[in-house]
Amino acid sequence: MSGAEKIAVTVTDIVPLNDLVTRFEFKRTDGGLLPTFSGGAHTVVEMRDTSNGGDITRMNPYSLMSDPMDQSAYTISVRRDDEGRGGSLFMHNNVKVGDQMVVSNPVNLFSLDLLAKKHLFLAGGIGITPFLAQIKQLERFNGNWELHYACRNAALGSYVDELTDHYPNATHVYYDDNDQRIDLVNLLDGQPLGTHIYVCGPKGMIDWVRKTAAGEGWPRESIHYEEFLAPQSGKPFEVKLAVSNIVIQVGEQESLLEAIERAGVDAPYLCRGGACGQCETQVIDYTGNFIHRDHWLDDAEHASGDKIMPCVSRFEGKVLVLDR
Amino acid sequence: MTIQFNDETFRDDYSFKNSDWAIKRFPFPFHEDSYMYSVNMEQHRGGPDGSIYEKRFDVDEHYVSEMRDRAMVLADDPLRCQSLPHMTLAGWDLLELIMVSKSEDYPDLFELHRNGDKWRWVNKPMGIDDSFTFLDEATLPYGPMEYITRQTQGDFCVLDQRDDNLWMDAGMITTQADWSLDFDIGMNFFEWHAPVPLAHEKGIFVRALKFLLSIQQGAPARRLNWTMTVNPLLDTSPENYHKWGIQKTSVTPENIGAKQHLRVELQTFFRLPRSNALVFPIRCYLCCFDDLMSVPKWGRRLHRVIRDLPEELATYKGFIDNRPMMLDYLSAFDDGQPTSMGIWPDRDTEPPLKT
Ligand code: HEM
Ligand code: FES
């Protein structure tokens, strides 16, 4: 079976934080302890949607924001995405306290570098969630950290109050609506030797931080980022799976990976967000264009037409044959 | 199952020996009649009853004596155990993994009582009963990694994962096949594997690393590796080569069956939850040629593997000079009959040796 080990959980608490973000708490259905994890880890939540007579299973990754040492419950925060394919809408509209769900064992693609002398966190919007767990982990061991958190306004600033109450000296908040911006060049300039940068937020912010830091001479290995892409809808297309010897249709609202799974073919994955590399698949033949959206393959690999990451990437054209 | 622990030595008079039970469960590493390096990894989720694969951390009749040997090695050379400062959390992860696994898998030998941070660990074979505070180093006689690996068979590399690589930043290495923790400490996956012949060219290490980086919590993996050792020595380290290297010349056609040991390493891989580090236990099993030959399938196969092994591998594994003498001995146990696939002895189905 693909993906990390699964855990049967029950939804034990649902807390709307503001117009966009809701927090969910899960406990093990069998009453046992959940695995500990490291700050920055995510879990893949399985959402079985049988509304309107259908039966669709979506699997989305969400950063774990609870204390990594707390084995009694996991919490995640989900931002409602009205444009997306419905995973976050399902969480917001359909999930109720007491529901049984399945989550994966924690997987960390955004781990703290424990060699760092200082951890500089840059969060944008819902990108705050992995830092909440990392901060709890560092606080336990007296780690040195500082957070710069940009969000739209006070009303949409999830966890701003908790952070500024608990860590007034380490937390710096910026509201877009008040034209407050992180002064990145100066911020980076003032950091002690051995600082590592971590950025989580919208793509534009990640690109800006990586580019600015690289331009200021920061080594690649001290810049960490995480961006989960949600699969996007697109035109339907047809794919031949050569190993399984079947032809499948990828619908408008599903990802290529989901279509492969729906056909009963066990395909590898971990993050389902274009970041981990597990789902990498060889292309045997194609006529048409790839819509590559992952962070895993480099530009040359994207251009080669040899590989595709089916969790987030799509295809437009006549023929696509995959080694799966 | 109760285990009768041997009182034996891995040095000086070499009183080490395997019982019939230990021979039967010896991890013979060749699943076919030839051998080449490969990315031979599988899930580590148990195995046949009584086999060395069954438990997460196998405990056998050599446990108490192996731990005594480890203590002697450490007394002579404390640098066999090292942990860089950022690896302490991984050390606690390892301590927890081993204590939880052993107390669940061998409840008659080990007990773990947890009450929040207050833990009590009982190790009956070694006569240990310690109470301590989890994550508080001051409450243990050693650092967490050293404490638990002084009580667990096998060497342990604890690898930090960063920058898409693994770094050997901690370890307890006293039963190694001729490599040195003190030399490798701080190196990455490609650096410490640099001396291995042929495997780099075959792309084995690139693929192996990719596999290791994505090993997940709760989904450990394993593989077997092997080499040859003269006399049942656990500590074949470069630091002590002057003591054991010379023993290779003591082998004669008369004593080879008793002196020459096949050394097999059960290597496992576990993701550590709190630190996101990876632990790589390397468990060493020794079996002399005479004992191996009691299994007809193993006799036939070992002869064929050693005969056809590429020269580079026989040189790297350090037995190229003794290979002709080994083959003289082994050929008497190969009657040319076919062998069944897989590593198991298949005593009931494989025919006895034709003489
Ligand atoms: C992170 C886990 C691992 C550690 C810490 C590790 C460590 C080592 C070390 C220290 C050596 C001795 C090198 C020397 O001569 O100085 C070695 C040898 C070797 N390793 Fe690894 N290794 C790991 C994983 C793997 C994996 C997954 C493979 C898979 C193919 C592999 C394949 C080999 C091979 C083929 C050799 C040569 C062994 C022989 O012929 O006796 N290693 N390894
Ligand atoms: S599943 Fe992680 S990149 Fe596709």
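Keep in mind that the numbers below use all heavy atoms, side chains included, and drop hydrogens, waters and symmetry copies.
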(message) Counting only non-hydrogen atoms closer than 4.5 Å, can you tell me which residues of residues 269-276 of chain B sit against chain A?
(response)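 Checking residues 269-276 of chain B against chain A gives B:P273, B:R274, B:S275, B:N276.
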(request) Could you have a look at A:L114, A:L112, A:L109 and say which one has the most heavy-atom pairs with chain B under 4.5 angstrom? (result) A:L114
(request) Specify which of A:P106, A:P68, A:S222, A:G39 makes the most heavy-atom pairs with chain B at under 4.5 Å. (result) A:P106
Select one option (side chain, backbone, both, neither) describing which atoms of [X] are under 4.5 Å from chain A's heavy atoms.
{"X": "B:L213", "value": "neither"}
{"X": "B:L135", "value": "side chain"}
{"X": "B:N165", "value": "neither"}

(message) Can you tell whether the side chains of B:R120 and B:D130 come within less than 4.0 Å, N to carboxylate O?
(response) no
(request) Determine, for A:E46 against A:K6, whether the closest basic-nitrogen to carboxylate-oxygen distance falls under 4.0 angstrom. (result)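 Yes.
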(request) Consider only side-chain N and O atoms of B:N123 and B:Q151, and report whether a donor and an acceptor are under 3.5 Å apart. (result)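 Note: B:N123 and B:Q151 side chains meet the donor-acceptor criterion.
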(request) Answer with yes or no whether the side chains of A:N108 and A:H42 bring together a donor and an acceptor at under 3.5 Å. (result)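 No pair is found: no donor N or O on one side chain lies under 3.5 Å from an acceptor on the other.
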(message) Taking every non-hydrogen pair under 4.5 Å, which of B:M87, B:Q161, B:R45, B:E96 racks up the most with chain A?
(response) B:R45
(request) For the residue pair A:H119 and A:Y198, categorise the inter-ring angle as parallel (less than 30°), tilted (30 to 60°) or perpendicular (more than 60°). (result) tilted
(message) By the definition salt bridge (charged side-chain N to carboxylate O under 4.0 Å, His left out), identify the one residue from A:R324, A:R58, A:R272 that meets it with A:E261.
(response)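 Testing each of A:R324, A:R58, A:R272 against A:E261, the sole residue satisfying salt bridge (charged side-chain N to carboxylate O under 4.0 Å, His left out) is A:R272.
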(message) Quick check on side-chain contact (heavy atoms from CB on, under 4.5 Å): which of B:V158, B:L181, B:L74 does B:M172 satisfy it with?
(response) B:L74
Which portion of [X] sits near chain B, non-hydrogen atoms under 4.5 angstrom:
{"X": "A:N105", "answer": "side chain"}
{"X": "A:L115", "answer": "both"}
{"X": "A:Q278", "answer": "side chain"}

(message) Taking the six-membered ring of A:Y225 as reference, does the cationic atom of A:R210 (NZ for Lys, CZ for Arg) lie under 6.0 Å from its centre and within 45° of its axis?
(response) yes
(request) Examine B:K202 relative to B:Y37 and say whether NZ or CZ is less than 6.0 Å from the centre of the six-membered ring and inside a 45° cone about the ring axis. (result)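 No; the conditions do not both hold, so B:K202 does not lie above the ring face of B:Y37.
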(message) Using modelled atom types and a 3.5 Å cut-off, is there a donor and acceptor pairing between side-chain atoms of B:W344 and backbone atoms of B:M341?
(response) no
